[in-house]
Amino acid sequence: MKYSSTPIKKKFTLTHKVNSVLKFINFFSNKLNKEVRKINFFDIPNNEVMFFFKKSIFNTFEFKSLKFSKKNSLIYLPYYILIFVIYSFYIFFYKCRKKRNLKKYDLLIDNLESDEEVKLYKDLEVFLDKKKYIFRVTKKELSNDNKIFLPRFKNYNLSFKDFLNLYKILFKSIVISIKFKFNFVYYSIKLIDEVFYYENLFRTVRPKNIIMHQHYLSSNIKNYLFKKYDGKKTCLIQKNINTINKNGFFYDADIFFSIGKYTSNNNKFTKSRIQKNIPIGSIFMNRSKKDINKFYKKNLKKYDILCIAGTGLHPGSNYDTYQSYSHDYIETFNWLIKFKKKFPKLKIALKQRGSANNKFEENLLRKSKIDILNKNNDSYVECMKSKFLCSWCSTMIVEFKYLNTNSYFLDPGLRNDQFMSLLFKSKPLRINDYAEFERLALKALKMKKKYKLEKKYIGYNSDYNNVIKKVCLHLKII
């Protein structure tokens, strides 16, 4: 697939690039739809099929290279035809051949990838009987009594009629591919497996409500099938601030449980279908609330300034999508180095995420005498030990703003649209030059009184102490 709309260049703002790509995808999809509506994707309505394809096509655009993925090319069509044939015989051979033992639940938490993620929902034990909720985990070793693991490509409910329909889809997909000069078979496989997988899930468990753990991985096909089996509410729970990147668009859910009022989703810009935004607070802070509250009462500050690092943000990464990105990102660390040189007695530290596997930031600060904290320490506890918090894009800035008003994004030139433009009322959180950074940092360090909860900042993060309870109340399951 060739991007054939108005040419875009790296020097353009990311917002400009995103709008151009979305405009092209909408134009291309409208042309595509005339042929797609002739295909029976197992009785999935055409509007759902096209929403899925728009999201999938958008996800293959690389904002770093300003090109669509090579898998869209006709060169890969023979390869994906072969994949389709192998896939069809595999799922038919391993189809479900025994009667299912259907179980019903009030709530399904979907797509948990680790025990640490499961622990985020530990408070469910307080409000619900364990028999009333279940987790779908992505690894077999995580499964137990209230965790279910369903592998892809096995135990699908597939009749011989369905098998024949697969080849009707394949034939028409090849015709579309040739007509529009792109590999449509790739997208057909994605959609078909989405249908079969979630049909399998809802024939195995039948929840009244479902929460997708990664809000950026929402699936409209899953949600459609969930409602087909009399499901009530499909929900997304926000883990981090929304970004202008591949995973920030085409959300689909009845409810978006946001961190705060100002972090909610913008349907118009992101082309999403969220029926209702409900601020409930940070689920990560909810997990660490005992330690956070303990340190809040003690008001013990170990660091003068703590910088919270992200993951995979270094120059040349997938986030390096506009001309000034590398300069601006490095400049934030230059501010810290400059401040440390000017005020050498002050204690400044960097806290990386536990999943960080790149030492770019650490190497940048190696000779600065800025402390590098153990990345496995609880970041929320470390934040409670600092007088001043700063970051390039960490969600922890919005999470802590009303606990510690001295929490800011370092944003040289106010050009970080990628992380800031979808955050309502972001201006009070952003520092645009070194002089302002030094002024605000020194002002924070002079504060001797215990910080007061600032209600004017609660729009960034609702009360984090009862996140799970609020979810259950909104879903009317307690």
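- Just one residue in the list Leu364, Ile370, Leu350 forms a side chain to side chain contact (heavy atoms under 4.5 Å, CB included) with Leu336, and that residue is Ile370.
- With a 4.5 Å cut-off on side-chain heavy atoms, Ile348 and Asp371 do not count as touching.
- Contact check on Lys385 versus Asp304 returns no salt bridge, with no Lys/Arg side-chain nitrogen under 4.0 Å from an Asp/Glu carboxylate oxygen.
- Evaluated for a ring pair (Phe, Tyr, Trp, His ring centres under 6.0 Å) with Tyr460, the options Tyr408, Phe424, Tyr402, Tyr262 yield exactly one hit, Tyr262.
- Residues Leu120 and Ile468 approach most closely at O-CD1, 4.0 Å, considering heavy atoms.
- Ion pairing between a basic and an acidic side chain is recognised when a charged N comes within 4.0 Å of a carboxylate O; Arg152 and Asp193 show such pairing.
- Defined by atom type and a distance below 3.5 Å, a donor-acceptor pair is missing between the side-chain atoms of Gln275 and Asp254.
- A donor-acceptor pair shorter than 3.5 Å can be found between the side chains of Asn286 and Asp123.
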Would you check, one step at a time, whether the test side chain to side chain contact (heavy atoms under 4.5 Å, CB included) holds for Met420 with Arg430?
CA-CA 9 Å; Met420 299 294 108; Arg430 301 163 78 177; 3.5 Å; yes
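- Figure legend: Lys401 and Tyr457 shown as a cation-pi pair, the cationic atom lying under 6.0 angstrom from the six-membered ring centre and within 45 degrees of its axis.
- A donor-acceptor pair shorter than 3.5 Å cannot be found between the side chains of Ser264 and Ser258.
- The pair Asp252-Lys55 does not count as a salt bridge, with every side-chain nitrogen at least 4.0 angstrom from each carboxylate oxygen.
- Closest heavy-atom contact between Leu22 and Phe269: CD1-O, 3.9 Å.
- Donor-acceptor pairing under 3.5 Å is recorded for the side chains of Glu399 and Ser282.
- Proximity of Glu199 to Phe42: side-chain heavy atoms (C-beta onward) are nowhere separated by under 4.5 Å.
- Cys472 places a side-chain heavy atom less than 4.5 Å from the side chain of Leu124.
- Contact check for Val137 versus Ile148: no side-chain heavy atoms found under the 4.5 Å cut-off.
- Counting non-hydrogen atoms of neighbouring residues, nucleotides and ligands closer than 6.0 angstrom, the CG atom of Asn59 exceeds 12 such neighbours.
- Asn267 and Asn265 are linked by a side-chain donor-acceptor pair at a separation below 3.5 angstrom, with hydrogens and angles left out of the test.
- Dense packing is recorded around NZ of Lys289, with more than 12 heavy atoms of other residues, nucleotides or ligands lying under 6.0 Å away.
- You'll find the side chain of Asn209 stays beyond 4.5 Å of the side chain of Leu108, heavy atoms only.
- In the model, Tyr303 has a side-chain atom that pairs as donor or acceptor with a side-chain atom of Glu382 under 3.5 Å.
- The nearest pair of heavy atoms linking Tyr224 to Asp43 is OH-O, 3.8 Å.
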Residues Glu331, Tyr434; criterion side chain to side chain donor-acceptor pair (under 3.5 Å); working and verdict:
CA-CA 9 Å; Glu331 184 67 6; Tyr434 175 79; over 6 Å; no
Applying side chain to side chain donor-acceptor pair (under 3.5 Å) to Lys64 and Thr321, what does each step give before you reach the verdict?
CA-CA 5 Å; Lys64 183 180 176 183; Thr321 55; over 6 Å; no
CA sep, side-chain torsions, deciding dist, call: Tyr186, Tyr76, ring-ring contact (aromatic ring centres under 6.0 Å, His included)
CA-CA 9 Å; Tyr186 163 73; Tyr76 286 86; 9.7 Å; no
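- Closest approach of Arg37 to Lys34, counting heavy atoms only: CG-O, 3.6 Å.
- For the residue pair Asn247/Asn245, the side-chain donor-acceptor check at 3.5 Å is not satisfied.
- Side chains of Asn33 and Asn46: a donor on one and an acceptor on the other come within 3.5 Å.
- A donor-acceptor pair shorter than 3.5 Å can be found between the side chains of Gln238 and Thr263.
- Counting non-hydrogen atoms of neighbouring residues, nucleotides and ligands closer than 6.0 angstrom, the NZ atom of Lys227 exceeds 12 such neighbours.
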Residue pair Ser69, Glu62: steps toward the side chain to side chain donor-acceptor pair (under 3.5 Å) verdict
CA-CA 7 Å; Ser69 168; Glu62 300 293 341; 5.7 Å; no
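- Side-chain contact between Ile237 and Tyr121: present, with at least one pair of heavy atoms (C-beta onward) separated by less than 4.5 Å.
- In this structure, Lys70 and Thr60 have side chains that are not in contact, with every pair of non-hydrogen atoms separated by 4.5 Å or more.
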Are Asn266 and Thr270 close enough, and set up right, to give a side chain to side chain donor-acceptor pair (under 3.5 Å), and what steps lead you there?
CA-CA 6 Å; Asn266 182 332; Thr270 64; 5.8 Å; no
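- No side-chain donor from either of Tyr319 and His314 sits under 3.5 Å from a side-chain acceptor of the other.
- Using cut-offs of 30° and 60° on the angle between ring planes, the pair Tyr380 and Phe400 is parallel.
- Looking at His215 and Asn242, their side chains do bring a donor and an acceptor atom within 3.5 Å of each other.
- Taking the six-membered ring for Trp and thresholds of 30 and 60 degrees, Phe153 and Tyr90 have ring planes more than 60 degrees apart, a perpendicular arrangement.
- A cation-pi contact, defined as under 6.0 Å to the ring centre and within 45° of the axis, is absent between Lys276 and Phe257.
- Between Phe256 and Tyr251, the ring planes lie parallel to each other; the angle is under 30°, not in the 30° to 60° tilted range.
- Using a 4.5 Å cut-off on side-chain heavy atoms (C-beta onward), Ile109 and Leu107 make contact.
- Taking the six-membered ring where the residue is Trp, the centroids of Phe250 and Phe51 are separated by under 6.0 Å.
- Leu410 pairs in a side chain to side chain contact (heavy atoms under 4.5 Å, CB included) with only one of the listed residues (Phe437, Trp392, Tyr329), which is Phe437.
- Relative orientation of the Phe182 and Tyr187 rings is tilted, given thresholds of 30° and 60° on the angle between their planes.
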Do Lys147 and Glu141 pass the salt bridge (Lys or Arg N to Asp or Glu O under 4.0 Å) test, and can you show the C-alpha distance, the side-chain angles, and the key distance before you say yes or no?
CA-CA 10 Å; Lys147 300 187 191 81; Glu141 59 268 25; over 6 Å; no
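- Aromatic ring pairs are classed by plane angle as parallel below 30°, tilted from 30° to 60° and perpendicular above 60°; the pair Phe53 and Phe184 is perpendicular.
- By the 4.0 Å N-to-carboxylate-O rule, Glu438 lies too far from Lys338 to be salt-bridged with it.
- Comment: Asp110 engages Arg136 in a salt bridge, judged by a side-chain N to carboxylate O separation of less than 4.0 angstrom.
- Side-chain rings of Tyr198 and Phe196 stay apart, their centers remaining 6.0 Å or farther from each other.
- Side-chain rings of Phe409 and Phe419 stay apart, their centers remaining 6.0 Å or farther from each other.
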Test log, rule side chain to side chain contact (heavy atoms under 4.5 Å, CB included), inputs Ser218 and Leu236:
CA-CA 7 Å; Ser218 68; Leu236 304 176; 3.6 Å; yes
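- Lys208 places no side-chain N or O within donor-acceptor distance of the main-chain N or O of Gly231, the cut-off being under 3.5 Å.
- Ion pairing of Glu35 with Lys179 is present here, as a side-chain N (NZ or NE/NH1/NH2) and a carboxylate O approach within less than 4.0 Å.
- In this structure, Phe63 has its ring center under 6.0 Å from that of Phe61.
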